[in-house]
Every structure is written in structure tokens, then in C-alpha cells.
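These notes concern the structure reproduced below.
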Amino acid sequence: MTLPRFFVAEGEPVPLPEAGVKPIDQFRMSGQTWVVTADAEGWLQLARREDCQGLSAEARSDLNAHELAAPLRELRAEPLWLMVIEGLDRRENVPGLNDPVEVRGMLFGPFPSPAPTMVRGRLTSTRAEVLDGILVGSWTPFRSGGAGNVLLAGESQEELRRAAA
């Protein structure tokens, strides 16, 4: 397993628990609808929408309401990594308005995968990419999840263009 290029792990990846219980996001990717769930610890998991029948009636109702409220985002990113953001640190001694920053938190993935993992670490980005990611992620919030979305690139622009082609 290869972690995203701009992510620095603070330990070894460990297997991800099986399933979350609360949906916090929903989107389309590779012609399928995917659901991001969180468990009681806050660990994230990704499942195909049709595999979410085991969720509570309230959770399935939340998914239906979200899907009807607005068109689902279409993501072109495989593999996909999810991250619970715990903090944002400015890199020292780097001048400029668009200075590099480090997003701290727990990374989950890759998805889709038969054996996703989780690992704590830091994703290096720029201030503008973080602000843009917050803006783009705010366009389609999951109405009852209480979580926000931030879309950030973990690879170089060249790699992203190659993957999108």
C-alpha cells in the first residue's frame, strides 16, 4: 500500500474496523453511489450505497433525504483517501500568502479496497488549497451528519491530471 505523496505517517497503518454506523457523506464515484460512515470512535469507512441496508432506519432516511436535497457530487479519485482533520499547523519560516500548511489527523484508505487501513499523520498542502477545499466541500454538506467536507489533493498536479485523463 502506498500512502498519498504529500502525507507523512506518524506510525504504521493498522487495519480499519469493519463498518461505521452513522452516515456523514454521500457521493458518486466510478458510476456508483458511495456512503462515508463513522463509528462511535469517529473512524471513517466507505461503503457502496447498496451495501448500507444494515444501517438503522434513521440513517437510511438521512441518506435518502441528502440524495433528494441536492445532486450528489461526482468524484474522480481512485484510490480515495478519507481524513478526520484534528488540526492545521503553519510551517515555520515560510513567507507568503499561500504558504505550506500541514493538516493533522487520521487518514483512512485506500478506497475502494478489500483491506483499508488507518494511520495518524500530516498532509502537507497550501493555505489556498485548504481554503478552496473548504469552499468546494461546503457546496454539498450532509444535512444531518454534523461534519464538514474538505476536498484536498494528496498527490502532485501532474499525477492528478494523469489520473483524470
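In this chain, residues are counted from 1 in sequence order.
By the 4.5 Å heavy-atom criterion applied to side chains, Leu63 and Leu55 are counted as neighbours. Looking at Asp25 and Arg73, their side chains come closer than 4.5 Å, going by heavy atoms from C-beta outward. Residues Trp81 and Pro110 meet the side-chain proximity criterion, which asks for heavy atoms closer than 4.5 Å. Using a 4.5 Å heavy-atom cutoff, the side chains of Pro4 and Leu107 are in contact. With a 4.5 Å cut-off on side-chain heavy atoms, Phe6 and Val103 do not count as touching.
Partners of Glu41 according to the side-chain contact (heavy atoms from CB on, under 4.5 Å) rule, which considers only residues two or more places apart in sequence or in another chain, are Asp39, Trp43. Residues passing the side-chain contact (heavy atoms from CB on, under 4.5 Å) test with Asn64, sequence neighbours excluded: Arg49. For Arg60, there are no salt bridge (charged side-chain N to carboxylate O under 4.0 Å, His left out) partners two or more places apart in sequence or in a different chain. For Asp51, the salt bridge (charged side-chain N to carboxylate O under 4.0 Å, His left out) criterion is met by Arg48, not counting sequence neighbours. Residues satisfying the side-chain hydrogen bond (donor to acceptor under 3.5 Å, both in side chains) criterion with Gln32, sequence neighbours excluded, are absent altogether.
Minimum heavy-atom separation, Gln45 to Pro116: OE1-CG, 3.9 Å. Considering every non-hydrogen atom in both Trp34 and Pro112, the closest pair reads CH2-CB, 3.8 Å. Of all non-hydrogen atoms in Val119 and Ala9, the two that sit nearest each other are CG2-CB, 3.8 Å. In plain terms, the two heavy atoms of Leu88 and Val101 that are nearest each other are CD1-CG2, 3.7 Å.
Counting heavy atoms of neighbouring residues, nucleotides and ligands inside a 6.0 Å radius, atom CD of Glu12 does not exceed 12 of them. Within a 6.0 Å radius of CD in Glu58, other residues, nucleotides and ligands contribute 12 heavy atoms or fewer.
Using a 4.5 Å cut-off between side-chain heavy atoms of Ile, Leu, Val, Met, Phe, Trp and Tyr, with links allowed through other members, Leu44 and Val14 fall into the same hydrophobic cluster. Leu123 and Val8 sit in two unconnected hydrophobic clusters of ILVMFWY residues. Membership requires side-chain heavy atoms under 4.5 Å apart, directly or through other members.
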Start with the C-alpha distance between Phe108 and Val36, add both sets of side-chain angles, then the distance that settles side chain to side chain contact (heavy atoms under 4.5 Å, CB included), and finish with yes or no. CA-CA 11 Å; Phe108 303 87; Val36 178; over 6 Å; no

Stepwise side chain to side chain contact (heavy atoms under 4.5 Å, CB included) check, Met29 with Phe111: CA-CA 11 Å; Met29 182 175 72; Phe111 297 106; 5.5 Å; no

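Distance check: Arg127 CZ to Asp99 CG gives 4.0 Å after rounding to the nearest 0.5 Å. Taken to the nearest 0.5 Å, the NZ atom of Lys22 stands 11.0 Å off from the OG1 atom of Thr37.
For the side-chain contact (heavy atoms from CB on, under 4.5 Å) with His66, the lone residue among Ile24, Leu72, Val35 that qualifies is Leu72.
Side-chain atoms of Ser125 do not come within 3.5 Å of backbone N or O of Pro100 as any donor-acceptor pair.
Within the structure, salt bridge (charged side-chain N to carboxylate O under 4.0 Å, His left out) contacts touching residues 101-115 (residues at least two apart or in different chains) are Asp89-Arg104, Arg91-Glu102, Glu102-Arg122.
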